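Okay, so here's the structure we're looking at.
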Amino acid sequence: MRQDFDVAGRHCVALLLDQIDGATDGPRRMAVEPALVVRASTGPPPAGRTA
């Protein structure tokens, strides 16, 4: 899995600035969409074993 830390950081800064300005009215949730990255270490289980 890969997460875009730049996007997450921008969201955090925006939330912090809103809080400093007093523009918040309570907790908020933000989600950063992860991405599946298939790498060389990804593969089927060894012969004779099941996942």
Side-chain angles (χ1 to χ4, degrees):
M1 297 302 287
R2 181 177 112 31
Q3 296 174 331
D4 194 337
F5 290 107
D6 290 336
V7 171
R10 281 190 223 108
H11 284 307
C12 290
V13 169
L15 289 170
L16 178 62
L17 292 174
D18 284 348
Q19 197 169 30
I20 290 170
D21 290 340
T24 61
D25 54 351
R28 287 190 267 170
R29 276 184 192 233
M30 296 187 135
V32 176
E33 196 71 32
L36 177 62
V37 178
V38 179
R39 297 187 171 113
S41 62
T42 304
R49 290 185 54 189
T50 58

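What you see is a predicted model, and the numbers here were worked out from it, not measured in a lab.
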Go through the steps to decide whether Met1 and Val37 satisfy the test side chain to side chain contact (heavy atoms under 4.5 Å, CB included), and finish with yes or no. CA-CA 6 Å; Met1 297 302 287; Val37 178; over 6 Å; no

Partner set under side chain to side chain donor-acceptor pair (under 3.5 Å) for Asp18, not counting sequence neighbours: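 Checked Asp18 against side chain to side chain donor-acceptor pair (under 3.5 Å); matches are Arg28.
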
How long is the straight-line distance from CG of Asp21 back to CG of Leu16, given to the nearest 0.5 Å?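 Here the interatomic distance stands at 9.5 Å.
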
Using the salt bridge (Lys or Arg N to Asp or Glu O under 4.0 Å) rule, collect all pairs that involve residues 5-15, keeping only residues at least two apart or in two chains.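 Qualifying pairs: none.
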
Co-members of the apolar cluster containing Phe5 [side chain, <4.5 Å]: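 Under the 4.5 Å side-chain rule, Phe5 groups with nothing.
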
Locate the shortest heavy-atom distance separating Asp4 from Val32; write the atom from each residue and the value.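 Heavy atoms only, the tightest pair is O-CG1, 3.8 Å.
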
